[in-house]
Novice: 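I have a structure here, written as structure tokens, and I will follow up with some questions on it.
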Amino acid sequence: MPNYQAAPVEKKWQEKWEKSGLYKTDLSATDKPKYFILDMFPYPSGAGLHVGHPKGYIATDVFARLKMLQGHNVIHPMGWDAFGLPAENFALKNKTHPRFSTEQNVANYKRQLQLLGFTYDWNLEINTTDSDYYKWTQWIFVKLFEAGMAYESYEPINWCPVDKTGLANEDLEDGKCERCGSLVEKKPMRQWVLAITKYADRLLNDLDKLPHWEPAIKEMQRNWIGRSEGVEIDFKIVGSPELICVFTTRVDTIFGCSYVVLAPENRLLEELRPMIKNWNQVFDYVEKVKNKSDLERTDLNKDKSGVLLDGVKAVNPFNGAEVPVYIADYVLNSYGTGAVMAVPAHDERDYEFARKYGLPIKEVIAKKFSERRSDAVKRDGVAAVIVNDKKVLVLYDKKNSIYRLPAGGYEKEENDEQALLREIKEETGYVNCNIVEGLGTIEANFQRLPLEGQYRHKFQKGYLVNLVNNEKTELHAEDIDKFESMWVAYEEAMQKFATNKESWGEEEFIRRAFDEKNRCFTDDGTIINSDFLEDLSSQQGRESAIKWLEENSHGTRKINYKIKDWVFSRQRYWGEPIPIIHCAFCGPVAVPESELPVKLPDVAEYEPSGTGESPLAKMTDWVNTTCPKCSKPAKRETNTMPQWAGSSWYYLRYIDPRNSSALVDKTLEKYWSPVDFYVGGAEHATRHLIYARFWHKFLYDQGVVSYEEPFVRLQHVGLIMGEDGRKMSKRWGNVINPDDVVAQFGADSLRVYEMFMGPFDQAVSWSTKGLVGASRFLERTYNAVTSLSARTGDGKPEDHQKALHILHNTIKKVEEDIQEFKFNTAVAQLMIFTNEVKDLELGADAVNIWQKMIIVLSPFAPHIAEELWEMLGGKDSVFRASWPKYEAQYLLEDKIRIGIQVNGKIRGELAISRGAEEQEVLKAAKAEPSVAKFLEGGQMVKEIYVKEKLVSLVVKM
RNA sequence: GCUGGGGUGGCGGAAUUGGUAGACGCGCGGGACUUAAAAUCCCGUACUAGCAAUAGUGUGCGGGUUCGAUUCCCGCCCUCAGCACCA
């Protein structure tokens, strides 16, 4: 029978905390530095919590307790995000009302959370489905509407046929409904949309003001916002007044444009119809595309398709070239202008399409390998990548010790082919070669090795060459000594060139030769074959081209975003009613603030209709109202808000949860805002976290909040997987319920274990064995403290030294690790303390030392810490104590052991005193028997002493 | 494909301005206590060879720089997450 009984102790302290109001946050107290630490509030599902859910809450709780002990006013609140599809679907399935099932689920979640002994102040609890709460969600919508940020749209949107509602882009996963996994359809319907794209630039730029966010999450947001700077160019159409406007970020490649592509849905198609000779074929293609789902369309990624618009020619304004026009579904109508200029040589998609349909591929960018020098001599040339049987021919220049490809400059009037074949013959002897394909151009600048020494600048054209047969001529006598030729595999060739003394980019040609995909060069480089852009860098070329476009009115600068405006209507029951009244005379009118909230009416039948109408539409009593402006009969908006609405601002409400006259009091907001630390799942990086930042910025512009960014520091929590390594799920039967764990091992064991499992942000598998380890540690600590009273006297001085050394290192390590969220190593340090200190003879001073340890342990295991604190004479809660300060004098030990290396290998160890003289240490090191035998008979070359770390001896044998 | 992580014992993982790789925990082996078992405590535990002292090998793979590389550089493989025809 173990000595420590978790259940009664945990119950005892939870009751005491409740009674004394230990964790109550006095919102009006502004005497101390504040700390706002926030969990992503849960969406209470019917299944209850599994052990993975509380991991983040445990971490914030540990952190909050540290801050309390360090003397901060801490706000650590919790609430419920309870509107939305999953709750409604759950209710439908169980034939109950969502309000009822939500209440039940919330109660269950709350009970489960309370078992773990968190510092949540339940007086601050909020619930997005309370009308007192969603009044302010509606209020924000009204402000958005009044600011022109919420508008009605009739564009086709994503429609989930199973959940029977429209969805935002953010609600899709692989083109499927994120909730139920069904394929979404495109459906045109009336909907409310929020103009998040107006904030796109600020959402993007302000990421730079968030140094304490993980770079990975900022990067995800950058990708999601997807800003790209480019130009729109107008292509005239031969024999038509219409223009094809294309968007491109690469005007520098304009002279490589060999055709133009329209999205199949592009409206221009109708206008051009009379000119199109093969209309039937075009029409068929458009129809085929229409019937493809978005998923099928993107799935065809690898196999591009399209149809030529026979009879239509577009004119490249830069050179007057008439190029063919295609429709192809690799061009999206919803991005840019729904039309692109195709530059197959420098865009992978165009390249693939051009190869499939045999369209010209014109190279206009050379890869730049190194900087040009003003004193360089220009000498262009050709290079051969001769491939035979998956091996490439590499020359070794013996005199200069360099590897190279067969290559050289032009002689007299030679063309590429002549020069190439001549060089191959001269340098390798092969006479029967077959030029397969060009590999593009590399601009190289380099110094000719010893022979000439001058700097060269060249455009080198690469060619893939096959051997027709092995026939060779004799090399010139001089060349036989000069070169050694060898056939090597890809990896070996890459390696040879990687360490080559003189190189101009041969690896690039080899890479292109071995993989067709690499033949399309999409980076910036030096412009070639391009009229007035010739020889400019891509960057300069873009500037010149834009200038030319604008001066000649053929186009203009343009910025596009991937992020779309936020589709904000749901045709479902369980959500905040959108506070709008439709009046035949006044149009859509906002519900006046005095009439908010627009309460969600109770209904018996709330099943989605599937017609695109919300179930609220059937509630005629509720729908029929009068216009607030003209008082004539009018109808309420029946769509509801998406699940993400309530969570986009909830953190603000914790600061002032019962305020009925304002969203949040200004003074309180100023003191408690912003959220100092926000912890939650990485899956919200592009949804919730973008929406919340968007609303927050809007509220900032409205003067409601005083900071531009809501969350100062952001940390994502890694999942806890099942013992089998799979996600915890009913489906796999690997779910561990915290109720069971707490009943068997206690909340403290669960808390300590979850913090100890591994790095906080990493996914780790649950291990009940591992949990036992945490439990044993607490038990050992308990036993150590309970046996303290049996010890008397002064103890041993060296034990004292040791205990103080460990204690102060523990204080430092735990304090620093908690702040950096490195809980696993903090717990390891606490374990070291118990293991090392429990058997030391410390006499009466033991109590003092262990008291400090208990404070340091308390954030992780608050119940057992309180119990032990009380046992050692603590009168008040341990959380009313102060975090101990570590003292530098105890951190370092006087005796150190250092390693001794001989020729880089550890051969022995040496005990020295801190501050020992270098000469003494070296002398002692050399005298060490295990070292000395490796020094025997050798000559000392070097002796290195890294202070208080190691000795490194170099001996020549 | 792109972007960002990651690859270290039987397992979860420590250690990075380059300095004794494997802290801590699990598991495993041995021992103590017990009539016995559980629990607890003590000792050991990277791998290979050896009775041992010891020697060799070792941080995904191949090279490089260095007295010294898990750490830095070049090339490659695998894996997880997000995005995915965004011109």
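Only a predicted model underlies this, so the values are computations on that prediction, with no experimental measurement involved. Throughout, a chain's letter reflects where its sequence line sits, starting with A, and its residues are numbered from 1.
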Novice: Classify the nucleic acid contact of I898(A) as base, sugar-phosphate or nothing, counting any heavy atom under 4.0 Å across all strands shown.
Specialist: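 Counting heavy atoms under 4.0 Å across all strands, the contact made by I898(A) includes a base.
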Novice: By the 4.0 Å heavy-atom rule, please label P759(A) as base, sugar-phosphate, or nothing.
Specialist: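 Touches sugar-phosphate only.
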Novice: Which is true for R227(A) with a 4.0 Å heavy-atom rule: it touches a base, it touches only sugar-phosphate, or it touches nothing?
Specialist: nothing
Novice: Can you check each nucleotide of nucleotides 41-46 of chain B against protein heavy atoms at under 4.0 Å and return B for base, S for sugar-phosphate only, - for none, in 5' to 3' order?
Specialist: SS----
Novice: Contact class for E943(A) (heavy atom, under 4.0 Å): base, sugar-phosphate, or nothing?
Specialist: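 Result for E943(A) = nothing.
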Novice: Could you check whether I906(A) gets within reach of a base, just the sugar-phosphate, or nothing at all, counting any heavy atom under 4.0 Å?
Specialist: sugar-phosphate
Novice: By the 4.0 Å heavy-atom rule, please label V946(A) as base, sugar-phosphate, or nothing.
Specialist: base
Novice: Would you mind reading off the distance between K949(A) atom NZ and U16(B) atom P, rounded to a whole angstrom?
Specialist: 10 Å
Novice: Quick test of your reading of the model: are E214(A) and K218(A) salt-bridged, counting only N-O distances below 4.0 Å?
Specialist: no
Novice: Looking for any heavy atom pair under 4.0 Å, which part of the strands does L950(A) touch: base, sugar-phosphate only, or nothing?
Specialist: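 Here L950(A) touches the bases of the nucleic acid.
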Novice: Which nucleotide, U20(B), G13(B), A87(B), lies nearest any side-chain atom of V764(A)?
Specialist: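 Looking only at heavy atoms from C-beta outward on V764(A), the closest nucleotide is G13(B).
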Novice: May I ask you to say what D350(A) touches in the nucleic acid, namely base, sugar-phosphate or nothing, with a heavy-atom cut-off under 4.0 Å?
Specialist: nothing
Novice: By the 4.0 Å heavy-atom rule, please label V954(A) as base, sugar-phosphate, or nothing.
Specialist: sugar-phosphate
Novice: Give the dot-bracket line for RNA chain B from 5' end to 3' end: parentheses for intra-strand Watson-Crick or G-U pairs under 3.5 Å, square brackets for crossings, | for inter-strand pairing, dots for unpaired.
Specialist: (((((((..(((......[....)))((((((.......))))))((((....))))..(((((..]....))))))))))))....
Novice: Does A23(B) have OP1 or OP2 under 4.0 Å away from a side-chain N or O of Q829(A)?
Specialist: no
Novice: Would you say the base of U3(B) and the side-chain of E219(A) have a donor-acceptor pair closer than 3.5 Å?
Specialist: no
Novice: NA contact type, G336(A), heavy-atom cut-off 4.0 Å: base, sugar-phosphate, or nothing?
Specialist: nothing
Novice: Using the side-chain heavy atoms of F756(A), tell me which of these nucleotides is nearest: A23(B), A87(B), C24(B).
Specialist: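 Of A23(B), A87(B), C24(B), C24(B) is nearest to the side chain of F756(A).
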Novice: So what does K562(A) touch, heavy atoms closer than 4.0 Å: a base, only the sugar-phosphate, or nothing?
Specialist: base
Novice: Using atom NZ of K905(A) as one end and atom C1' of G58(B) as the other, report the distance to the nearest whole Å.
Specialist: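 Interatomic distance, NZ of K905(A) to C1' of G58(B): 12 Å.
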Novice: Quick check on A87(B): is either OP1 or OP2 less than 4.0 Å from any side-chain nitrogen or oxygen of S228(A)?
Specialist: yes
Novice: Categorize K933(A) for me: base, sugar-phosphate, or nothing, with a 4.0 angstrom heavy-atom threshold over every strand shown.
Specialist: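 K933(A): backbone/sugar contact only, no base atoms under 4.0 Å.
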Novice: Can a donor-acceptor pair under 3.5 Å be found between the side-chain atoms of Q901(A) and the base atoms of G19(B)?
Specialist: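 It does, because a donor-acceptor pair links the side chain of Q901(A) to the base of G19(B) below 3.5 Å.
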